[in-house]
Amino acid sequence: MVSVAKNRRWRGWLFLLVVNGLACTHAPWNPHRGWRAWKTANVTVYAETVFEPTVTIEDMETSYLILASTFFHGFAIPPVEVIQIPNAGYTPFLGPGGGAKMEAVFTGLHVGASRTPHSILLVSERVSRGTGAHLLAHHFIEAAAPRSPLWFHEGLGRYLSAFASYGQSGEYACFGIVRPYAVGGMLEPLPELFALSWADHNRQSAPNMNVTAWGLVDYLLHGRDGTLAPSLRSLMRALAAGANGYPALASVYPPEVVKTIDEDMPDHTRHVTKQALCPLPYRMSAPARPRTTVTVAPVPEATMKAFFEAFEALPSRTGYADHFPPQ
Ligand SMILES: [Zn+2]
């Protein structure tokens with residue numbers, strides 16, 4: 001993380017969260033036939049449309065490269081698969097209100113007879129860049145810090161749903177351009193956040209918990225004048241080693257930070273009012289797999305059928321959760 005001259009030219013794009021739309025939940029006739037795969041070294045997009053999913057693969061590849069070059073540089077992040085369903089297409093998932101859920105991410109999903117688990121993003125044709133980046137962030141977090149707790153997944157995932165690249169040749173990424181204070185929402189006590197299970201989150205408590213988790217990650221990156229930010233990678237390693245909650249924080253941050261975080265985090269989240277042009281600049285390192293040209297190939301019907309059968313075999317397909325961690 002470095003400081004940056006104020007007058008650098010913005011060149012990238014800005015992500016914003018957009019709420020999912022509606023779609024039907026019944027399977028169309030022969031839903032697994034006629035799919036094609038658009039593939040780079042980092043991203044494979046499966047789509048059945050006659051039109052190329054140009055925007056989806058461009059957004060996903062760009063987001064992938066930015067995340068791989070910044071927060072997750074040095075971690076081994078595998079490529080990701082994206083299944084793009086039509087706006088009114090079939091989805092095996094329902095949101096908390098019973099409407100079709102068109103966007104979700106599955107990490108460590110076993111598909112068909114393959115022993116290698118898949119990491120798959122399910123998106124609609126109109127998925128926003130912000131939502132796509134958030135889902136992609138879950139893939140990165142699970143790869144870098146396997147089985148990390150829900151609060152970290154949703155908090156960092158929400159934080160990473162808004163960023164931009166800039167600089168003369170796009171050599172910087174800018175994070176923190178959408179902040180929890182600008183959105184508001186009630187904060188829950190940290191002990192309850194740390195104890196939250198995926199099942200409870202899915203059933204009822206997602207909205208306030210998501211904002212609280214986002215506030216906590218925002219505090220760890222921007223609170224105390226940003227002095228805690230460099231330790232986020234150490235926190236990821238601690239979480240990957242099985243730590244959670246206050247012990248995980250205590251293994252990374254100074255004692256006085258952990259001692260006062262219950263008061264300091266909400267105070268930070270509620271009282272930040274200044275919005276810097278680039279709150280957290282991050283110089284991009286070379287990604288493990290640079291951008292490649294896109295190749296296109298037909299996908300066997302059995303392959304798509306296996307994907308959807310794997311989705312339909314998941315035990316809980318209704319509720320808030322957008323991330324389905326390894327079973
Ligand atoms: Zn999420």
Side-chain angles (χ1 to χ4, degrees), residues 15-21 56 59-60 63-64 66-67 71-72 77 80-85 91-97 99-109 118-124 126-163 175-176 178-180 183 185 187-188 193-194 196-218 220-221 232 236 239 244 311 314 316-327:
F15 295 148
L16 289 171
L17 289 167
V18 172
V19 176
N20 300 345
T56 302
D59 285 354
M60 289 291 174
S63 295
Y64 192 108
I66 289 175
L67 294 179
F71 278 86
F72 300 93
I77 310 295
V80 70
E81 295 170 283
V82 181
I83 296 178
Q84 180 185 282
I85 47 181
T91 170
F93 303 94
L94 296 172
K101 180 155 63 181
M102 306 295 283
E103 273 94 23
V105 51
F106 313 88
T107 53
L109 184 70
H118 290 248
S119 195
I120 302 171
L121 276 54
L122 184 72
V123 301
S124 72
R126 64 173 164 226
V127 64
S128 69
R129 286 173 175 167
T131 299
H134 173 79
L135 297 176
L136 190 62
H138 279 299
H139 164 68
F140 275 79
I141 293 164
E142 188 61 32
R147 307 267 177 184
S148 56
L150 194 159
W151 66 267
F152 189 73
H153 251 286
E154 288 305 336
L156 184 57
R158 185 84 178 259
Y159 183 87
L160 294 176
S161 64
F163 50 79
F175 295 92
V178 179
R179 309 286 296 280
V183 176
L187 299 178
E188 300 288 350
L193 180 72
F194 293 146
L196 187 63
S197 71
W198 286 102
D200 286 343
H201 173 268
N202 196 27
R203 278 195 290 270
Q204 54 186 343
S205 57
N208 290 347
M209 287 298 183
N210 283 355
V211 172
T212 309
W214 184 19
L216 177 55
V217 169
D218 192 89
L220 296 176
L221 290 169
L232 194 82
M236 277 199 263
L239 297 172
N244 187 15
F311 293 152
L314 288 166
S316 179
R317 293 188 280 125
T318 300
Y320 285 105
D322 65 351
H323 174 220
F324 293 74
Q327 295 289 306

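Side-chain atoms are counted along with the backbone in the values below, which use heavy atoms only and exclude waters and symmetry mates. Just so it is clear, the model here is predicted, and its values are computed rather than measured. Indexing begins at 1, ligand by ligand and atom by atom, following the structure's order.
- Among the atoms of His323, none of the N, O or S atoms falls under 2.8 Å from the Zn ion (ligand 1).
- Seen from the Zn ion (ligand 1), atom NE2 of His138 and atom OD2 of Asp322 lie 120° apart in angle, a value rounded to 10°.
- Between the OE1 atom of Glu154 and the NE2 atom of His134, the angle centred on the Zn ion (ligand 1) amounts to 100° when rounded to 10°.
- Among the atoms of His153, no N, O or S atom falls under 2.8 Å of the Zn ion (ligand 1).
- Not less than 6.0 angstrom separates the ring centroid of Phe163 from the ring centroid of Phe71.
- Judged by distance alone, the side chains of Thr56 and Gln84 do bring a donor and an acceptor atom under 3.5 Å apart.
- Taken from CD in Gln327 to OG in Ser316, the straight-line distance is 9.0 Å, to the nearest 0.5 Å.
- To the nearest 0.5 angstrom, Thr212 atom OG1 is 5.0 Å from Glu188 atom CD.
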